[in-house]
Colleague: 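Let me begin by handing over the structure; questions about it come next.
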Amino acid sequence: MKIGTETTAAAFERGRNLRTDKTESNGNPFQKQLINTIRSAAPKVPYGYLAKDGVITYNGVQFSCDEKTNSICLGDMTDPKKVINIPLSGGGHLKVNRDNLGQLSKAIGLFSPEDVNLILRAIHLDTKLQSVQKEVEDLEAGVGEQITEGKGAAETEKVAEEN
C-alpha cells in the first residue's frame with residue numbers, strides 16, 4: 001500500500017524512528033504518547049502489518065515473520081545454502097527456500113511493484129548462479145575423470161613394456 005510516494009512499510013519505519021527535539025523540550029505528553037504509539041504499532045518486519053500471530057497468509061501461502069533478521073520467510077530456513085535472501089524496497093528482507101519458488105509465484109500479488117521487480121531479479125540472478133556453479137562442478141568432475149583415465153592408460157603401457 002502506498003501513502004503518497006512512500007510505501008506503508010517505509011512510513012511505519014519512519015514513524016518508528018521518529019525523534020523530535022520539540023517533543024523532548026516542551027514535554028507535551030500527547031505528542032510523546034502519539035510517538036510511542038507509532039513506534040510500538042510499527043511492524044518489525046516487511047509487510048508486518050498483514051501478520052497475525054507472526055504469520056502472513058496470502059492466497060493460501062504462509063510467510064513466517066522473523067523479527068531478529070527483519071525478514072519474512074517462505075519455506076524451510078534450516079539450510080542456508082537453499083535460501084535466497086532478497087532485500088526489499090521498504091527495508092527488511094524476503095527469505096525464500098528454492099524449493100518453495102512455486103508457492104512464491106502464487107503469492108507475488110502480496111508485494112509492491114518495486115518488490116516484485118527486486119524478487120524477479122534476485123530469482124533470475126540466483127538461477128544464473130546455480131547454473132554456473134553446476135557447470136563448474138561438472139568441469140571439475142570431468143577433469144578428475146580425465147586424470148584418472150590418463151593415469152590408467154599410462155600404467156597399462158608401463159606394464160606392457162615390462163613384459
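Just so it is clear, the structure is predicted and the values come from calculations on it, not from any experiment.
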Colleague: Check for me whether the distance between the ring centres of Y47 and Y58 falls short of 6.0 Å.
Modeller: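 Ring centroids of Y47 and Y58 are no less than 6.0 Å from each other.
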
Colleague: Identify the two heavy atoms, one from K106 and one from N59, that lie closest to each other, and give their separation to 0.1 Å.
Modeller: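 In this case the closest contact between K106 and N59 is O-ND2, 3.1 Å.
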
Colleague: What are the two closest non-hydrogen atoms of I56 and I72, and how far apart are they?
Modeller: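 So the minimum-distance heavy-atom pair works out to CD1-CG2, 3.8 Å.
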
Colleague: Once rounded to the nearest 0.5 Å, what's the spacing between atom CG of D126 and atom CZ of R98?
Modeller: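 One finds 4.0 Å between CG of D126 and CZ of R98.
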
Colleague: Show me the side-chain donor-acceptor pairs of residues 80-87 shorter than 3.5 Å, one per line, residues at least two apart or across chains.
Modeller:
none

Colleague: Find the distance between CD (Q130) and CD1 (I123) and round it off to the nearest 0.5 Å.
Modeller: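 Going from the CD atom of Q130 to the CD1 atom of I123 covers 12.5 Å.
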
Colleague: If I take atom CG from residue D99 and atom CG from residue D76, how far apart are they, to the nearest 0.5 angstrom?
Modeller: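 Interatomic distance, D99 CG to D76 CG, rounded to 0.5 Å: 8.5 Å.
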
Colleague: Can S71 and D66 be counted as having a side-chain donor-acceptor contact under 3.5 angstrom?
Modeller: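 Side-chain D/A pair, S71 to D66: absent.
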
Colleague: Identify the residue among L50, L94, V96 that makes a side chain to side chain contact (heavy atoms under 4.5 Å, CB included) with F63.
Modeller: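 Output: one option passes, namely L94.
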
Colleague: To check you understand the geometry: which heavy-atom pair defines the closest contact between V55 and Q62, and what is its length?
Modeller: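 Between these two residues, the closest heavy atoms are CG1-CB, 4.0 Å.
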
Colleague: Quick check on the hydrophobic clustering: are I108 and V61 connected, directly or via other members, by side-chain heavy-atom contacts under 4.5 Å?
Modeller: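 Yes.
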
Colleague: With clusters defined by side-chain heavy atoms of hydrophobic residues (ILVMFWY) lying less than 4.5 Å apart, directly or transitively, does L120 cluster with L74?
Modeller: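 L74 and L120: one cluster.
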
Colleague: Can N100 and L104 be said to form a side chain to side chain contact (heavy atoms under 4.5 Å, CB included), step by step?
Modeller: CA-CA 6 Å; N100 297 87; L104 179 61; over 6 Å; no

Colleague: Distance check, rounded to the nearest 0.5 Å: H93 atom NE2 versus L118 atom CG?
Modeller: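 That separation rounds to 10.5 Å.
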
Colleague: CG/N70 to NZ/K95 distance, rounded to the nearest 0.5 angstrom?
Modeller: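 Answer rounded to 0.5 Å: 10.0 Å.
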
Colleague: Of all heavy-atom pairs between P46 and G91, which one has the smallest distance, and what is that distance?
Modeller: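 That closest heavy-atom pairing would be CG-O, 3.5 Å.
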
Colleague: Verify, without hydrogens or angle tests, whether T57 (side chain) and G60 (backbone) share a donor-acceptor contact under 3.5 angstrom.
Modeller: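 Between the backbone of G60 and the side chain of T57 there is no qualifying donor-acceptor contact (under 3.5 Å).
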
